[in-house]
Amino acid sequence: MLKKKIAVLGCGNIGMAFIEGVLKSGEIKPSDIIATRRNINSAGQMTESGIKLSTDNALAVKESDIIVIAVKSYNFSGVLEEIKDHLDPNRNLIVSITTGIPVSRIMEETGNKVPVFRAMPNISASVGSSVTCICHSGKETEQTTTVKEVFDLIGTTMVIDEDLMESATILGSCGVAYALRFIRAMIQGGIQIGFDAATASLIVNHTVKGAADLLIEKHRHPENEIDRVTTPKGCTIVGLNEMEHNGFSSSLIKGIVASFEKIEK
């Protein structure tokens, strides 16, 4: 068990996914998590999870070691204003999972009182399968292990340079939506060739999971595994070529770049 008390300020989709994943791991007691949101009556299943719920960000900070800020960017400065006078340099560290807020700004607005990290998990955190990229100012190396230990509870973590955090948001966070849209299209194709929706979903979901596991466990490039499936004059290569003729890879790449250009504005 990790003996850390965690405050999650803001329980929207990503904040709740983080909490669900941490609870699923069993490594942090529910009573050691305090979550805040404007309307705790809308917390749904969180009210029965055993975590503490509050509308008071300052109180949450005073009761915690690690402060995870998961609010929308337009609410971010207001939250920092609420908590900055309650930060304990000997106890607290901040991890922002809000998109687009640099470490330097957080440090400036909190008076450089505590170590500051940025992290970008995704909604697969809720089932312990997120990929989380983490960065810091370069001075918080002692606390990096602690932050990684927490985010390791919800999946895979890696430390990157801060100038890649927006790219990490697109590839690792938005990327879930891209993958899900691909899966949905495969299911639709499966229905057209004869399966009912439930059976098509089961086949496609496990096929995609198996493909990812294959690459992760064998450390292979996708093209190597594609070559093993595509036989001369076979049905696989015909299908792949038809997809490419219709812009499959290029449209995906263009979509990723378009999302990145949007977040950079």
Side-chain angles (χ1 to χ4, degrees), residues 12-21 24-25 44-45 97 99 119-133 151-158 160 164-263:
N13 291 331
I14 192 64
M16 290 187 69
F18 171 78
I19 292 171
E20 288 174 24
K24 180 180 173 66
S25 75
Q45 72 272 24
I97 60 176
T99 301
M120 184 46 61
N122 62 43
I123 59 170
S124 298
S126 63
V127 292
S129 294
S130 175
V131 58
T132 304
C133 293
F151 283 88
D152 279 343
L153 300 179
I154 60 169
T156 300
T157 65
M158 61 192 73
I160 65 172
L164 287 171
M165 282 301 288
E166 276 61 51
S167 299
T169 301
I170 301 304
L171 208 56
S173 186
C174 301
V176 174
Y178 308 149
L180 291 174
R181 180 58 61 86
F182 165 75
I183 289 170
R184 189 187 78 169
M186 279 194 68
I187 292 169
Q188 290 173 319
I191 294 169
Q192 186 168 340
I193 61 176
F195 287 105
D196 62 85
T199 304
S201 295
L202 186 64
I203 293 171
V204 172
N205 292 345
H206 283 279
T207 298
V208 173
K209 181 179 182 298
D213 288 344
L214 185 65
L215 298 180
I216 291 168
E217 292 187 19
K218 292 195 173 183
H219 305 285
R220 299 272 182 84
H221 190 281
E223 207 61 41
N224 292 337
E225 300 306 314
I226 290 172
D227 287 344
R228 295 174 62 197
V229 182
T230 50
T231 55
K233 295 185 178 182
C235 56
T236 305
I237 192 61
V238 170
L240 285 174
N241 284 345
E242 183 67 18
M243 293 175 199
E244 291 299 341
H245 292 326
N246 285 279
F248 176 71
S249 293
S250 63
S251 64
L252 179 56
I253 293 166
K254 286 179 178 179
I256 290 169
V257 173
S259 291
F260 178 75
E261 289 173 348
K262 173 67 175 178
I263 203 174

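What's counted below: heavy atoms across the whole structure, side chains too, no hydrogens, waters or symmetry copies.
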| Where do H206 and V208 land on the side chain to side chain contact (heavy atoms under 4.5 Å, CB included) test, with the steps shown first? | CA-CA 5 Å; H206 283 279; V208 173; over 6 Å; no
| task | Taking the side chain as every heavy atom from C-beta outward, state whether L171 and I256 have any pair of such atoms under 4.5 Å apart. | result | yes
| Euclidean distance, S251 OG relative to E244 CD, rounded to 0.5 Å | 8.5 Å
| Taking side chain as C-beta onward, heavy atoms only, is I154 less than 4.5 Å from S25? | no
| said: Nearest 0.5 Å, please: how far is CE in M186 from CG in N205? | reply: 9.5 Å
| Is the backbone of D196 close enough, under 3.5 Å, to the side chain of T199 for a donor and an acceptor to pair up by distance? | no
Report, one line per pair, each donor and acceptor closer than 3.5 Å where one atom sits in a side chain of residues 119-131; sequence neighbours left out.
| from | atom 1 | to | atom 2 | distance (Å) |
| --- | --- | --- | --- | --- |
| N122 | OD1 | S124 | N | 2.9 |
| N122 | ND2 | G172 | O | 2.8 |
| S126 | OG | I123 | O | 3.1 |
| S130 | OG | N122 | N | 3.0 |
| S130 | OG | T132 | OG1 | 3.3 |

| What distance do E225 atom CD and E223 atom CD have between them, rounded to the nearest 0.5 Å? | 10.5 Å
| Rounded distance [0.5 Å steps], NE2 in H219 versus CG in L214 | 11.5 Å
| said: A side-chain contact here means heavy atoms from C-beta on lying under 4.5 Å apart; do F182 and I187 qualify? | reply: no
| remark: One should read off an interatomic distance between S201 OG and I183 CD1, to the nearest 0.5 angstrom, of 9.5 Å
| request: Kindly check if the number of other-residue, nucleotide or ligand heavy atoms within 6.0 Å of OH (Y178) is above 12? | output: yes
| Test log, rule side chain to side chain contact (heavy atoms under 4.5 Å, CB included), inputs T231 and T236 | CA-CA 7 Å; T231 55; T236 305; over 6 Å; no
| note | To the nearest 0.5 Å, atom CD1 of I263 lies from atom CE of M165 at 9.5 Å
| request: Keeping the roles fixed (side chain from N224, backbone from R220), state whether a donor-acceptor pair exists under 3.5 Å. | output: no
| field | Check against side chain to side chain contact (heavy atoms under 4.5 Å, CB included), N241 and F248 | value | CA-CA 9 Å; N241 284 345; F248 176 71; over 6 Å; no
| request: Taking atom CG of D227 as the centre, report whether more than 12 heavy atoms of other residues, nucleotides or ligands fall under 6.0 Å from it. | output: yes
